[in-house]
Amino acid sequence: MAKPKVGYSRRSFLKTSGAAMAASALPAPMLWAQDTKNIVLRQFGTGVSNLNDVANKVKEDLGFTLEMTALDSDSVTQRAATQPDSFDIADIEYWICKKVWPTGNLQAMDTSKIANYDKIVGIFRSGKLTPQSTIAQGTAPHTVGFVDGPGGTSFADNETGWMTLIPTIYNADTLGIRPDLIGRPINSWTELLNPEFKGKASILDISSIGIMDMAMVCEAMGEIQYGDKGNMTREEIDKTMAIFTEAKQNGQFRAFWKTFDESVNLMASGEVVIQSMWSPAITAVKSRGIDCVYQPLKEGYRSWGGGIGLSSSLSGIELDAAYDYINWYLSGWVGGYLMRQGYYSAVPETSKNFMSENEWGYWFEGKPATGDITSPTGDVLAKAGELRDGGSFAERMGAVACWNAVMDENQYMVRKWNEFIAA
Amino acid sequence: MGADLLRNRHVLGWLQAAPLTLVLLGFLVAPIVMIVIVSFWGATEFSIYPAFLWDNYDFLFSSPVTYKVFWATFKYAFITWALTLAIGFTVAYFLAFHVRSLTIQIALFLLCTIPFWTSNIIRMISWIPFLGRNGIANQTLISWGVIDEPLEWLLYSDFSVILAFVHLYTLFMVVPIFNTMMRIDKSLLEAARDNGASGLQTLVHVIVPLTTPGIMIGTIFVVTLVMGDFITVRFMSGSQRANVGRLISNDIALLQYPSAAATAVVLLCTVLIVIAILLRFVNIRKEL
């Protein structure tokens, strides 16, 4: 583990010089502002939240530089697990956290330093959206959200005050459809394997997420009753794969996709009319003027959540800057930005201040739009009177059937997945 | 003393060979040795640990997927080889024997390389909108009345994978064949003609035997490139087909480095065997 290199020495220099200056008679806040200008925090994560607009706003509001790298889920896991010195902030999903946390590459965060901690949505703390909610299957965020102390390596089952990831962004996923090419209502996950869409269906080729979509379908068909879709037994995996392998050999699928852009192109070109999809991909198809719906289904949603984790090598002034960044992240601007793309923010009430009443009503409360709803890039996504697919925050996040997960039998599942692709 | 040492043929020879030897040791031999070592290691969800386990090979040889995928890899390699050879030989023949002026020969040859000015990923992906269900190919065929329904097998099929391979790798066949053809003594062709050989006889008995080294070099290029590929298969089959490269890339993506290394070792051995067999047919060193 060779420690870096130029950056490290510059950082050490900064730290010592910062301390030296702090010892002098200058008033502290001014000094802080001086120092932060030179701080660079390196963040990496999936494309969904690694947005240059966020980095620009950080520079403007907090003064320091945030370098963003966007990768796919597999590469993110790989990097977090194997290259701890290559990042300061990891923007990862909760199921990735379950995989990566035991490597010790991330450090727990003190919730007493998080100003809006009490306002974070219940899903990420007790696991319940409302006190009456039942907890969905899979790797629910609260189950990997806390550890016992700053150096804790195993996850705690209650709010300990030490958080692994600060939740930033989450959503409920479902199937995307082309209503213009299907021409009838779709309301169940079973439709993915309906022979009517032979050669026009697709699922994603990311095993850990794809298997969940498969499970939603198999359960909806009544073929398999799962104990926990997020933690299947070998037998359940075999049965699930058998059903999908048969469908694949019968030509049900047009293609599988691995990246966001592939899913957009498959849908926009009409190669596929029904497929697993992510919400901003729907937005991207729509903004090309093509009719595309994120179809709510009666069996519920497959949900995912992401959060920010801190590299264990962060300390001193950089660590303080990272806490500033987290507090800023939860203070509303980013939340508003993300909610306008169809995601949810961990602290919705602060985001409200950064959204118009029309936007808040449409995206969060599920009310009819009172005027044009536009994406952050200015494309019109909905006109007055239209409703968000799936309705309000409570309706959508309340209907989560399972969370993205990593299973105990993950290695077995991955091998089966390889067989499925080769079949 | 020092001057004596330098005059010694052996020392000087070793010194001259040293830089290349070091480069090859550092950048070819060492990584391969590393891959072989790691292929015996164990892996957990998020890390790999040193060990001497046969598990990776056990699983590889006991899984029906392995055989299926190796078979698919050979199939792609063979079909691509046959097509690139047919096209490559024809193109090279035309350039070498039909085009008389050297300037035009060079100009046409350069023309062949123009597609290589762009990335091969881009050349590959540009087929996708062309072959798609609502793509140019289908629309044209429908408007001509050749077909009523769009042809589904044009894209995301073995057809599209092989099409992309042939498109990407034909030049690797053209170049070595053209090169050997240019070095055929024209008087041999005249002699064949004077002795009453037909065009076909000249081709079969004179030109083909004399271009075998070029054909072999081209074959080695194409076969190794196709057998090692993973991205073409992934994009052009819409992830629906697998070859050995994809098996390896999936393992790497899931942090299963030892298993990826074991597959890589088996693939490497397979490719080496294929090349060894090819070299039995032609002694390239002698022919060059």
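Order of the sequence lines fixes the chain letters, A, B, ..., with proteins taken first and strands second; residue numbering starts at 1 for each chain. Any value given below was found using the heavy atoms of this structure, including those in side chains, with hydrogens, waters and symmetry copies removed.
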Region of Ile128(B) in contact with chain A, defined by heavy-atom distances below 4.5 Å:
neither
Name the region of Asp251(B), side chain, backbone, both or neither, that has any atom closer than 4.5 Å to a heavy atom of chain A.
side chain
Compute whether any side-chain donor of one residue and acceptor of the other, for Asp238(A) and Tyr412(A), lie under 3.5 angstrom apart.
yes
What verdict does the ring-ring contact (aromatic ring centres under 6.0 Å, His included) test give for Phe74(B) and Trp71(B), after you've listed the backbone C-alpha separation in whole Å, the side-chain angles of each residue and the deciding distance to 0.1 Å?
CA-CA 5 Å; Phe74(B) 277 115; Trp71(B) 166 245; 7.9 Å; no
Please classify the contact between [X] and chain B as side chain, backbone, both or neither, with a heavy-atom cut-off of under 4.5 Å.
X         : value
Leu266(A) : side chain
Ser75(A)  : neither
Asn418(A) : both
Val272(A) : backbone
Ser207(A) : side chain

Quick check on the interface: out of [options], who has the most heavy-atom pairs with chain B under 4.5 Å?
options                                    : result
Gly270(A), Gly251(A), Ala80(A), Ala255(A)  : Ala255(A)
Trp257(A), Phe253(A), Phe256(A), Trp417(A) : Phe256(A)
Lys258(A), Arg415(A), Glu419(A)            : Arg415(A)

Any idea how [X] and [Y] line up, ring-wise: parallel (<30°), tilted (30 to 60°), or perpendicular (>60°)?
X         : Y         : value
Phe155(A) : Trp101(A) : tilted
His167(B) : Trp127(B) : perpendicular
Phe221(B) : Phe172(B) : tilted

For the pair Lys248(A) (side chain) and Gln240(B) (backbone), establish whether a donor and an acceptor sit closer than 3.5 Å, ignoring hydrogens and angles.
yes
Please report the interatomic distance CG(Leu141(B)) to CG(Leu154(B)), rounded to the nearest 0.5 Å.
7.5 Å
As an exercise: rank Ile252(B), Thr66(B), Val69(B), Leu155(B) by heavy-atom pairs under 4.5 Å with chain A and give me the winner.
Leu155(B)
Pair Glu236(A) + Lys229(A), salt bridge at N-O below 4.0 Å
no
